[in-house]
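Working notes for the structure below.
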Amino acid sequence: MTKHFIEDEKIEWEQIDEGVQRKIMAHDPSLMIVKIKFEKGGVGPLHKHPHVQITHVQSGKFEVSIDGKKQVLKGGDAFLVTSNLIHGVLCLEAGILIDTFSPMREDFL
């Protein structure tokens with residue numbers, strides 16, 4: 001059965017690293033949305049994957065690295081990572097990122 005309505009408060013945070021937690025909000029085989037909460041200094045280490053990723057900076061400030069280029073983004077900004085580009089983030093001010101992936105990240109489940 002497909003879950004059409006997703007209520008944030010009913011989903012538990014999962015600790016994925018020091019200063020970093022995530023919630024898998026919704027997914028189907030072609031798309032996934034994930035909320036990631038960072039404390040100041042939290043790191044999303046450099047990595048790559050075949051999925052296309054678009055990330056919305058909901059709040060906070062992040063140094064984002066994509067394919068060797070770095071830029072500081074703040075609440076309201078976004079970034080796009082195409083398939084297999086090396087990317088990662090450093091949290092400069094506590095905040096939340098909203099990641100979307102296509103197709104879904106099976107490795108997250």
Side-chain angles (χ1 to χ4, degrees):
M1 183 163 138
T2 302
K3 189 173 182 181
H4 296 285
F5 302 101
I6 297 95
E7 296 174 86
D8 182 60
E9 65 188 24
K10 293 183 178 179
I11 302 170
E12 297 292 323
W13 287 103
E14 170 190 2
Q15 192 76 36
I16 58 171
D17 211 342
E18 186 175 337
V20 184
Q21 297 179 313
R22 78 172 164 214
K23 288 184 182 191
I24 297 172
M25 301 302 292
H27 61 86
D28 78 1
S30 65
L31 186 64
M32 175 181 265
I33 186 165
V34 179
K35 184 182 283 193
I36 306 174
K37 179 168 58 172
F38 286 83
E39 295 175 15
K40 182 178 180 178
V43 174
L46 291 173
H47 65 286
K48 67 178 182 171
H49 45 73
H51 314 81
V52 174
Q53 173 180 340
I54 298 175
T55 298
H56 169 73
V57 181
Q58 179 177 312
S59 62
K61 188 183 288 186
F62 295 84
E63 179 183 81
V64 180
S65 175
I66 303 172
D67 198 29
K69 298 170 189 72
K70 292 182 181 181
Q71 186 164 331
V72 174
L73 298 177
K74 62 185 180 334
D77 296 337
F79 60 93
L80 166 69
V81 181
T82 55
S83 186
N84 291 311
L85 282 184
I86 295 174
H87 61 285
V89 300
L90 169 63
C91 182
L92 303 175
E93 291 178 9
I96 293 178
L97 299 179
I98 307 295
D99 287 341
T100 53
F101 299 100
S102 180
M104 69 177 261
R105 296 282 306 261
E106 290 183 24
D107 57 317
F108 281 11
L109 301 177

K10: which residues meet the side chain to side chain donor-acceptor pair (under 3.5 Å) condition with it, sequence neighbours left out? E7

K74: which residues meet the side-chain contact (heavy atoms from CB on, under 4.5 Å) condition with it, sequence neighbours left out? D77

Describe, in one word, how the ring planes of H47 and H87 are oriented to each other, choosing from parallel (under 30°), tilted (30 to 60°) and perpendicular (over 60°). tilted

Taking distance alone, no hydrogens or angles, what donor-acceptor pairs closer than 3.5 Å link side-chain atoms of residues 35-46 to residues at least two apart or in another chain?
residue, atom, partner, partner atom, Å
K35, NZ, D8, OD1, 3.0
K37, NZ, Q21, OE1, 3.3

With sequence neighbours excluded, what pairs up with H56 under the ring pair (Phe, Tyr, Trp, His ring centres under 6.0 Å) test? none

Output all residues satisfying side-chain contact (heavy atoms from CB on, under 4.5 Å) with P29, sequence neighbours left out; order by chain, then residue number. none

Please identify each residue that fulfils ring pair (Phe, Tyr, Trp, His ring centres under 6.0 Å) with F79, with sequence neighbours left out. none

I11: which other cluster members, linking ILVMFWY side chains closer than 4.5 Å, directly or transitively? I6, M25, I33, I96, I98

Nearest 0.5 Å, what's the NE2-CG distance between H51 and N84? 9.5 Å

Those residues that, when tested against D17, pass side-chain contact (heavy atoms from CB on, under 4.5 Å) (two or more places apart): V20

Does the separation of the ring centres of H49 and F101 fall below 6.0 angstrom? yes

Side-chain contact, heavy-atom cut-off 4.5 Å: L109 with I24? yes

Residue pairs passing the salt bridge (charged side-chain N to carboxylate O under 4.0 Å, His left out) test with at least one member in residues 79-94, sequence neighbours excluded, are K61-E93

Taking the hydrophobic residues Ile, Leu, Val, Met, Phe, Trp and Tyr, and joining any pair whose side-chain heavy atoms are under 4.5 Å apart, which ones share a cluster with V52? I54, L80

If you look only at pairs with a residue in residues 98-109, which of them pass as a salt bridge (charged side-chain N to carboxylate O under 4.0 Å, His left out), with sequence neighbours excluded? R105-D107

